[in-house]
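First up is the structure itself, then whatever we jot down about it.
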Amino acid sequence: MLYDPKSIELKWQRAWADARVAEVDVTRPGEKYYMLNMFPYPSGDLHVGHGRNYILGDALFRFLRMRGRTVLNPMGWDAFGLPAENAAIKRGIHPRQWTVGNIANMKGQFTRWGILYDWSKELASCEPEYYHWNQWLFLQLYKRGLAYRGKAPVNWCPSDQTVLANEQVIDGRCERCDSVVVQRELEQWFFRITDYADRLDAGLDTLHDWPEKVKLMQRNWIGRSIGADVDFSVPALGRPIRIFTTRPDTIYGATFMVLAPEHPHVPALIANAPNRQETERWMATVHNQSALERQESGKEGRFTGSTAINPFTNEQIPIWLGNFVLMQYGTGAIMAVPGHDQRDFEFAKQYDLPIRMVVAPKTAAPANVGPTNVGPALSRSEPAGEPALREASEPALREASEPALREASEPALREAYVDKEDGISVNSGVISGLPTPKAIERIIEEIELRGIGRKMVRYRLRDWLISRQRYWGTPIPILYCDGCGIVPVQEDQLPVVLPLDVPFTGREGNPLAKDAGFVNTTCPKCGGAARRETDTMDTFVDSSWYYARFISARDGTGIFDSRLVNRWLPVDQYIGGIEHAILHLLYARFICRTLHDIGLVDFEEPFTRLFNQGPITKEGYRDPSDNMAWVALNEIEWRDGKPFHKGVELLAEVGKMSKSRLNVVPPDELIDRFGADTERVYTLFIAPPEKEAAWSDEGVIGAYRFLGRVWNHGESVAAVVSPAAGPARAPAPTLIRKTHQTIAAVTQRIERFEFNTAISALMELSNAIGDAIAAGENVSESYSILLQLLHPFAPHITEELWEKLGKQPFILTSRWPEADPALMREDSVTIVVQVNGKLRGHVEVANPPIEEQVLAAVRGNERVQQWIAGKNVVKTIYVPGKLVNVVVKS
RNA sequence: GCGAAAGUGGCGGAAUUGGCAGACGCGCUGGACUUAGGAUCCAGUGGCCCAAAGCCGUGGGGGUUCGAGUCCCCCCUUUCGCACCA
């Protein structure tokens with residue numbers, strides 16, 4: 001009987017579903033293991049790349065089960081979001097209908113892949129049953145001041161007609177539709193993630209089983225910087241301007257100050273500016289630019305007409321406005337140190353501002369580094385009586401007051417741009433001669449002593465903008481009352497149900513705002529008329545806590561059962577794509593901490609181990625002049641139960657495109673032709689799972705052949721084990737050894753997520769079994785072990801063959817085999833003998849258990865004696881099982 | 001620009017602590033069985049050479065070592081991430 005996947009896969013998928021094999025009673029004790037694939041957005045388009053994610057999860061699930069763990073592996077749907085709404089506008093189908101239909105399709109696909117989930121815990125974020133608790137969570141954060149409404153410049157996507165979080169803006173463009181994002185000043189809802197910046201940063205150190213790459217990306221995104229806030233007095237303003245710097249040690253080199261054009265003091269400062277009107281026009285232009293345009297226009301600035309006093313040199317330094325200074329970071333004002341900062345340097349060159357060197361490379365002798373200035377000189381302000389201060393900066397004053405002793409060349413200044421680690425302060429008064437780290441410490445002390453500033457830790461991270469001007473999302477549970485202002489919906493009034501009966505035209509903004517029945521309500525405080533918030537929540541709110549909801553998905557009384565969640569979480573193994581390295585994973589870590597602080601969970605990190613699978617790519621190459629090849633490639637036919645690559649033949653004629661460049665790989669088509677097991681084996685075999693893998697249609701054939709051979713071997717084995725068969729020859733020791741070595745190898749490789757080499761080991765074993773069958777040996781023991789080891793990768797065929805051997809259904813009864821070290825040992829090895837690294841020949845050593853015996857056997861060997869005759873043997877190196885190298889002195 | 005990772009046959013990729021480079025698979029070549037091959041099976045397949053012996057081979061150049069894909073230094077290339085964050 002030929003291997004026909006079609007006839008067996010459906011049978012086993014039904015059997016698994018009927019037996020509810022993946023359902024876990026979370027209230028029962030047992031050695032728990034919680035594994036989770038990131039829940040998908042039900043987009044409706046599914047290809048083999050998606051499959052990789054779920055197939056590798058399922059292989060892990062089946063492996064862990066066979067090893068006796070109680071494994072929870074649930075699945076749900078990240079079901080709110082823009083594409084559903086766009087589909088509604090485009091095709092006139094309701095977002096819910098579109099979403100539910102896609103969910104049904106995807107669920108069917110999972111089943112056809114042979115993937116086992118605990119569907120009793122299924123959840124969909126678009127159901128009131130779920131988003132009820134999304135709203136409840138919002139109210140808890142609101143109560144604690146972690147959710148707030150604020151006016152701020154926000155990212156607006158003109159195409160999607162909604163605001164976006166900073167994390168959703170990539171290179172100044174919308175991550176979804178690629179439109180250039182513009183800045184708008186709007187009132188929006190935010191989550192105060194910045195309150196958790198320090199904990200989110202520090203927590204990364206505890207995540208030992210996360211990819212370094214993801215941790216690094218999060219660390220960069222959080223952007224923790226240690227430095228100092230320093231006040232520079234501004235006589236014209238009558239009050240100081242505060243700057244933030246990470247290099248306070250360079251303050252003696254601060255020769256001017258730059259403010260963001262949006263800085264609140266700017267209007268007062270430019271009142272005296274000679275070119276005030278022009279400056280205002282320029283400010284308006286910069287303000288209206290997108291972040292992208294602002295950066296592309298290069299460094300630009302305007303002089304405000306005012307000066308500040310450098311508190312350490314007492315020089316009057318000009319205050320400039322600059323488009324490169326961001327209001328959102330630090331204080332929106334910087335001290336510019338053009339001698340030691342690339343951006344300040346460029347700005348100073350452009351506007352002819354003074355440049356001063358105050359840090360010398362460690363390698364240069366400090367004595368040789370004189371005051372090094374270029375550009376115009378600065379005038380000093382007379383310190384208004386503060387003798388101590390004056391005294392302290394005396395050396396600096398003296399140096400600074402002398403007109404540029406030596407005109408520094410530009411290269412010299414660039415060279416002076418030194419690393420934090422290895423510079424020495426020069427021309428810097430109290431800190432002259434100190435290495436940079438010490439200088440920073442010392443100058444901060446001085447700054448704090450003088451009461452003009454303090455040590456400061458700042459973060460790049462900004463608050464999470466969570467409101468969206470879209471329909472298909474969780475309604476924000478807030479009312480606006482003319483009398484009472486912002487009023488949260490009372491918890492017993494939840495959920496605020498998203499009305500389904502609204503029109504979608506795509507032209508009039510958020511349809512919710514047009515729904516009078518939804519908008520108009522009464523204020524629970526004063527009973528007067530109130531309007532509902534019509535913005536919905538970012539869908540990343542939905543996905544920031546769903547992993548906990550699975551434990552009690554049907555609970556109508558609370559967000560989840562804390563007792564059970566504390567038992568089952570954190571998630572032991574989380575699996576998903578690298579695209580969520582910042583967005584989802586950062587938000588989930590944040591929300592988990594808020595849940596912790598509320599007292600709902602007793603852990604801070606939701607995911608113990610993280611694995612990011614790589615994408616599957618399909619070379620989309622196509623010669624535009626070559627339509628014939630394009631058509632031909634898609635014409636693969638099935639004849640007499642075999643795949644027929646008609647496209648391949650036509651392609652050979654056309655001769656322009658590699659056969660591997662088929663464009664479409666819909667999983668159903670693949671399953672129809674080769675079966676799910678083939679797709680599973682190929683997907684995991686193709687490349688290391690964390691790497692990007694290029695799909696190859698010929699490669700699939702290899703996996704199919706492999707399974708076909710396993711199938712055919714089964715026929716031979718069945719003949720051997722049947723009672724009618726005569727006495728079989730005893731299994732050969734080499735096959736036994738290979739079998740046990742394979743058990744050890746496959747076990748270890750699955751644990752390390754090295755699925756590709758695990759499968760190659762199984763192919764080797766299968767080849768060995770084939771050879772043994774040809775030699776008439778009894779292979780039934782090895783064969784049944786092969787089936788067990790293969791099961792996580794190819795569950796259907798192994799169930800079927802297992803049954804044919806007369807055994808009980810696999811998934812319910814089978815255990816992972818144990819390797820016997822004694823059976824893995826070689827009973828003789830061929831040792832390669834080298835003399836001084838030069839290959840000399842081979843020596844056979846029987847029963848070589850320990851190193852001394854091998855060495856003795858080799859040294860006592862006649863031929864070896866000849867090779868080393870008359871030479872001085874320095875040492876003899878033994879590489880277990882492989883070679884002996886005799887090192888001699890010439 | 002800054003940061004990280006990676007360069008191995010025609011292709012995807014193997015190779016604990018440095019220890020027979022190219023496992024496994026695809027493709028290709030030849031053969032068997034066949035009306036046929038696109039199924040299946042057998043053999044071969046890094047390069048130079050008719051072949052053998054031999055030599056050369058893990059991006060390039062140096063170095064350490066009896067021995068380097070692996071360790072050290074310099075350079076090149078690619079991919080990814082961040083990108084005026086003071």
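None of the values given here were measured: they were computed from a predicted structure. Note: hydrogens, waters and symmetry copies are ignored here, and every other heavy atom, side chains too, is used. Here is how names work: the chains are called A, B, and so on, in the same order as the sequence lines, proteins then strands, and each is numbered from 1.
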Check: Do side-chain atoms of A/Ser425 reach the backbone of A/Ser428 as a donor and acceptor pair under 3.5 angstrom?
Finding: no

Item checked: Lys NZ or Arg CZ of A/Arg302 over A/Trp320 ring: under 6.0 Å, within 45° -> no

Check: For A/Lys299, does the NZ atom sit with more than 12 other heavy atoms under 6.0 Å from it, leaving out its own atoms?
Finding: yes

Item checked: Of A/Val700 and A/Glu692, the one whose closest RNA chain B nucleotide lies more 5' -> A/Glu692

Next item on the list: Counting Watson-Crick and G-U wobble pairs only, both distances under 3.5 Å, name the nucleotide matched with B/U45, or none.
Entry: B/G27

Next item on the list: Measure the distance from CZ on A/Phe674 to P on B/C26 and round it to the nearest whole Å.
Entry: 12 Å

Check: Just to confirm, is there a sub-4.0 Å distance from OP1 or OP2 of B/G27 to any side-chain nitrogen or oxygen of A/Arg705?
Finding: yes

Check: Contact class for A/Asn756 vs. all strands (heavy atom < 4.0 Å): base, sugar-phosphate, or nothing?
Finding: sugar-phosphate

Check: A/Phe324 has a side chain; which of B/A14, B/G81, B/C84 sits nearest to it?
Finding: B/C84

Margin query: Need the pair for B/G9. Rule: Watson-Crick or G-U wobble, both distances under 3.5 Å, any strand; none if unpaired.
Written below: none

Check: If you look at every strand shown and take non-hydrogen atoms under 4.0 Å, does A/Leu326 touch a base, only sugar-phosphate, or nothing?
Finding: base

Note to self: From CD of A/Glu212 over to P of B/A6, roughly how many Å is that when rounded to an integer?
What the structure shows: 12 Å

Checklist line | A/Glu262/A/Arg294 ion pair, N-O < 4.0 Å | finding: yes

Next item on the list: Determine the interatomic distance between P on B/U35 and the same-named atom on B/U29; round to the nearest Å.
Entry: 24 Å

Notebook entry, point to check: Given atom CG of A/Leu765 and atom P of B/C24, what is their separation to the nearest angstrom?
Noted result: 13 Å

Note to self: Is the distance between the ring centroids of A/Phe347 and A/Phe345 under 6.0 Å?
What the structure shows: no

Note to self: Measuring only the P atom in each nucleotide, how far is B/A68 from B/C72? A whole number of Å is fine.
What the structure shows: 16 Å

Checklist line | Check ion pair A/Lys455-A/Asp229 (N to O, under 4.0 angstrom) | finding: no

Margin query: Using atom P in both nucleotides, what's the gap between B/G22 and B/C82 to the nearest angstrom?
Written below: 40 Å

Checklist line | Watson-Crick or G-U wobble partner of B/U40, both distances under 3.5 Å | finding: B/A32

Check: B/U64 and B/G18: how far apart are their C1' atoms, nearest whole angstrom?
Finding: 12 Å

Margin query: Regarding A/Arg462, tell me which of base, sugar-phosphate or nothing describes its non-hydrogen contacts under 4.0 Å with the strands shown.
Written below: base

Margin query: Measure CD1/A/Ile701 against C1'/B/C11 and give the value in whole Å, please.
Written below: 16 Å

Item checked: Side chain of A/Ile334 - closest among B/C80, B/A86, B/C41 -> B/A86

Check: For A/Asn323 and A/Ala761, take the nucleotide of RNA chain B holding the closest heavy atom to each; which residue's nucleotide lies nearer the 5' end?
Finding: A/Ala761

Check: Mind checking the P distance from B/G69 to B/A51? Whole angstroms is fine.
Finding: 26 Å

Notebook entry, point to check: Where does B/G9 fall, syn or anti, if syn means a chi angle no more than 90° from 0?
Noted result: syn

Next item on the list: Could you check how far CD1 of A/Ile686 sits from P of B/G12, rounded to whole Å?
Entry: 11 Å

Check: B/C28 and B/G37: how far apart are their P atoms, nearest whole angstrom?
Finding: 15 Å

Checklist line | Spacing of A/Asn767 atom CG relative to B/C42 atom P, expressed in whole Å | finding: 9 Å

Checklist line | Short side-chain N/O contact from A/Ser225 to OP1 or OP2 of B/A86, under 4.0 Å | finding: yes

Notebook entry, point to check: Quantified in whole Å, what is the P atom distance between nucleotide B/G13 and nucleotide B/G19?
Noted result: 22 Å

Note to self: Need one value for A/Val325: base, sugar-phosphate or nothing, where a base atom within 4.0 Å counts as base even if backbone is also close, heavy atoms only.
What the structure shows: base

Next item on the list: Could you tell me which residues satisfy side chain to side chain contact (heavy atoms under 4.5 Å, CB included) with A/Phe685, sequence neighbours excluded, listed by chain and number?
Entry: A/Ile759, A/Ser760, A/Met763

Note to self: Any base atoms under 4.0 Å from A/Arg294, or only sugar-phosphate, or nothing? Heavy atoms, all strands.
What the structure shows: base

Notebook entry, point to check: Please give, in whole Å, the distance from B/G12 C1' to A/Ile616 CD1?
Noted result: 12 Å

Margin query: If I take atom NZ in residue A/Lys691 and atom C1' in nucleotide B/A5, what distance separates them, rounded to the nearest angstrom?
Written below: 11 Å

Margin query: Taking only side-chain N and O atoms of A/Arg219, does any of them lie within less than 4.0 angstrom of OP1 or OP2 on B/G3?
Written below: no

